[in-house]
Amino acid sequence: METSTRSHATDACQENRLNRIALGDTLHRAARKYGERSVAIEGGQRTSYAELDAASNQFAHYLLDSGLPGGARVAMLCNNSTQFLIAAYGILKAGLVWVPLNTQLAPGDVRYIVEHAQASLVVVDDQLLAQPGLRYLFNDLKLPLCVCETGGAADHGLPVLRQRLQGRATGLPSVTIQERDLALIMYTSGTTGRQKGAMHSHLSVYAALISNIAQMGISHTDVLSCILPLFHCAQFSVAASCIVAGASMLIKKGFDAGAVLDGIAKERVTVLFGLPMMYAALLQHPARKQRDLGCLRLCMYAMAPMAKPLLLKLIEEVCPNFALGSGQTEIFPMTMYFSPDQQLQRFGNYWGLPTPVNEVAIMDEAGKLLERGQVGEIVHRGPNVMLAYYKDPDATAQVRRYGWHHTGDLGKIDQDGQLLFMDRMKDMIKTGGENVASVKVEEVLLRHPAVANAAVVGVPHPHWVEGIAAFVMRKPGVDIDADGLLAHCREHLAGFEVPKHIGLLDKLPMTSSGKIQKHVLRATHRALFELPE
């Protein structure tokens, strides 16, 4: 009877595979076509499609053999590596839910996400586990851990990923997966200061990947960069698109301009993806002119517009084709594409045209779609929109009013159909490619016994695009200086969340109803981080 039951289950799974959309299948299919081609190039090591497919299958079998039920959440706190891909695709192939975590988060935020997502197991880098705060956290959480070996301390005494693969089957697991099943939860900073979990199905991510390939012209002959963190939706979207197309990717654990230039020249990278400040560093690096960068056919940038002088110089000296891709964690990227042929025709916060999978419009507060040239909220719809916010039906209902996904951003569509971003409706600061909720930083400042009130805003910064500026009113008779407040922030915030400036004010600009006028602070201190002539 047991044999018969297993047979029926296998038959059902085979039927499910006939026409299913599942993210793990994309690697499996690419391996069948491009088995010996390198999918990942990391340091001096190359991993073929066949090797990555087999290893991720083995990890999927380990997870299933561990007794994790279908839909269980597996959190990952890992830097870029080939093992990152093995673990992520293994989770997806097992029909489980992947929950990637930002490696720069403070331990308290890591705890919140792991507990909020109800993770059953955590995959963590040995280098990160060596940090006292995180090691203490995971000891306290008492969750099973699987450790990726990326060059950290080897005395943790915990099971490592390499050991979990040994002796496991290398074939694709027999798991039933439906296209609208939950595939991943990516946490994104919200204006409340607590991260929200954007839930994506296999279909929503797959739709974005196919759209990216068409938009960027990715093929199996390409070599793409993997420099930005893979836990972020933007870089993972590029890497996963690369796998669907059978291309190769050059993996770096962090950004070092010299090492990136060497990698481009040595591995003949064709598509480079980075932040504007990264491109500026490449341009200024003394070794740049000695490296052959003629292999580059497309340079993608994200998170911020490119300054005109920088863009002109990059096009002249690095690559003739630059494009801006944009999106949100809630709408799997890309949603908008500012193409190379438009880069020198418009300057400012232009986001271009919608990608093939995405529809964009401008809406007023009553839900009416506005004509071209009118300013309103930027809204989207398409198969790449998230299922919902995890455990937050109210926020989900608010963000999908009138049948569109609401971004909270103001913009307009010009007469040529190009989207121009105007301003944020929410107090979110984008600094160095990361979202920082101003209220979260304010809450930390207000914990200090010397602080009576605080306001945090983002103002233009020559390196980080926006710099976090905090303005504080001290309590009467209590002495504290900016350095002391910065030390307090470093204890409770991730590095990218710590203010670049703390100003001590006698009073904050207020409305008659007692609300802080943040627009006044932004305008007054707009030149705070400007460099001298």
Side-chain angles (χ1 to χ4, degrees), residues 34 37-49 52 79-82 84-85 150 212-213 215-230 232 234-304 306-307 309-325 334 337-340 343 432-433 463:
Y34 308 110
R37 179 174 172 80
S38 295
V39 59
I41 305 165
E42 182 186 0
Q45 184 175 354
R46 293 175 177 272
T47 302
S48 71
Y49 270 92
L52 182 61
N79 291 312
N80 290 4
S81 70
T82 305
F84 184 111
L85 297 174
T150 58
N212 292 345
I213 291 169
Q215 189 72 74
M216 298 166 63
I218 304 172
S219 78
H220 68 279
T221 62
D222 276 313
V223 180
L224 289 82
S225 69
C226 184
I227 301 168
L228 295 173
L230 277 165
H232 196 285
Q235 182 64 76
F236 180 75
S237 178
V238 171
S241 299
C242 167
I243 286 175
V244 173
S248 301
M249 69 182 89
L250 175 65
I251 298 176
K252 297 288 185 184
K253 286 186 172 64
F255 177 73
D256 176 271
V260 170
L261 288 169
D262 290 342
I264 294 170
K266 179 181 178 182
E267 302 298 341
R268 310 309 294 160
V269 172
T270 58
V271 180
L272 184 62
F273 178 44
L275 304 179
M277 63 184 182
M278 293 177 176
Y279 284 108
L282 294 176
L283 190 65
Q284 296 164 6
H285 196 277
R288 194 254 308 172
K289 292 186 178 180
Q290 284 73 52
R291 300 292 179 268
D292 178 9
L293 307 182
C295 51
L296 290 171
R297 70 166 182 84
L298 176 65
C299 286
M300 290 285 301
Y301 62 102
M303 317 298 180
M306 189 83 78
L310 174 60
L311 180 61
L312 292 172
K313 197 166 181 62
L314 286 166
I315 288 174
E316 179 183 357
E317 300 187 19
V318 175
C319 176
N321 297 312
F322 272 76
L324 168 66
M334 296 183 293
Y337 188 73
F338 193 34
S339 59
Q343 294 290 309
H463 183 69

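Contact check for Tyr34 versus Ile243: no side-chain heavy atoms found under the 4.5 Å cut-off. Looking only at side-chain heavy atoms (C-beta outward), Tyr337 and Met300 come within less than 4.5 Å of each other. Contact of the Leu52 side chain with the Leu85 side chain is registered, since non-hydrogen atoms from C-beta on lie closer than 4.5 Å. A 4.5 Å side-chain heavy-atom check between Leu298 and Met216 finds at least one atom pair inside the cut-off. Within the 4.5 Å cutoff, side-chain heavy atoms of Leu293 are placed close to those of Leu261. Between Cys226 and Val238, the closest side-chain pair of non-hydrogen atoms is not below 4.5 Å. Asp222 is listed as a side-chain neighbour of Ser219, based on a closest heavy-atom distance under 4.5 Å. A heavy-atom distance below 4.5 Å is not found between the side chains of His285 and Val260.
Proximity of a side-chain donor or acceptor of Arg37 to a complementary backbone N or O of Gly246 within less than 3.5 Å is detected. Between the side chain of Thr270 and the backbone N or O of Val223, at least one donor-acceptor pair lies under 3.5 Å. Panel note: side chain Asp292, backbone Gly294; a donor-acceptor pair is recorded below 3.5 Å.
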TODO: Begin from the C-alpha positions of Arg46 and Glu267 and carry the test side-chain contact (heavy atoms from CB on, under 4.5 Å) through to its verdict.
DONE: CA-CA 11 Å; Arg46 293 175 177 272; Glu267 302 298 341; 2.5 Å; yes
Open item on the list: Is there a side-chain contact (heavy atoms from CB on, under 4.5 Å) between Ile227 and Leu272? Walk through the geometry before answering.
Closed with: CA-CA 9 Å; Ile227 301 168; Leu272 184 62; 3.8 Å; yes
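Contact detail for Val269 and Gly263: the closest heavy-atom pair is CG2-O, 3.9 Å. Across all non-hydrogen atoms, the minimal contact from Ile251 to Ala40 is CD1-CB, 3.8 Å. Among all heavy-atom pairs drawn from Ala323 and Pro340, the shortest one is CB-CD, 3.8 Å. The two residues Ala247 and Ile218 have their closest heavy-atom pair at CB-CG2, 4.3 Å. Nearest heavy-atom pair, Gly433 versus His232, reported as atom, atom and distance to 0.1 Å: O-NE2, 3.8 Å. Between Leu275 and Gly432, the closest heavy-atom pair is CD1-O, 3.4 Å.
Expressed to the nearest 0.5 Å, how far SG of Cys299 lies from CE of Met278 amounts to 13.0 Å. Atom CG of Asp262 and atom CG of Leu250 lie 10.5 Å apart (nearest 0.5 Å). Note that CZ of Phe273 is 10.5 Å distant from CG of Leu224, once rounded to the nearest 0.5 Å. Residue Thr221 holds its OG1 atom at 7.5 Å from CZ of Arg297, rounded to the nearest 0.5 Å.
Between Tyr301 and Tyr279, the ring-plane angle classifies as perpendicular under the 30° and 60° cut-offs.
With sequence neighbours left out, the side chain to side chain contact (heavy atoms under 4.5 Å, CB included) criterion links Leu312 to Lys308, Leu344.
Among pairs with a residue in residues 313-324, those fulfilling side-chain hydrogen bond (donor to acceptor under 3.5 Å, both in side chains) read Arg288-Glu317, Lys313-Glu317, at least two apart in sequence or across chains. Residue pairs satisfying the salt bridge (Lys or Arg N to Asp or Glu O under 4.0 Å) criterion with at least one member in residues 238-258, sequence neighbours excluded, are listed as follows: Glu42-Lys253.
For the residue pair Asn212 / Ser237, a side-chain donor-acceptor distance below 3.5 Å is found, with atom types taken as modelled.
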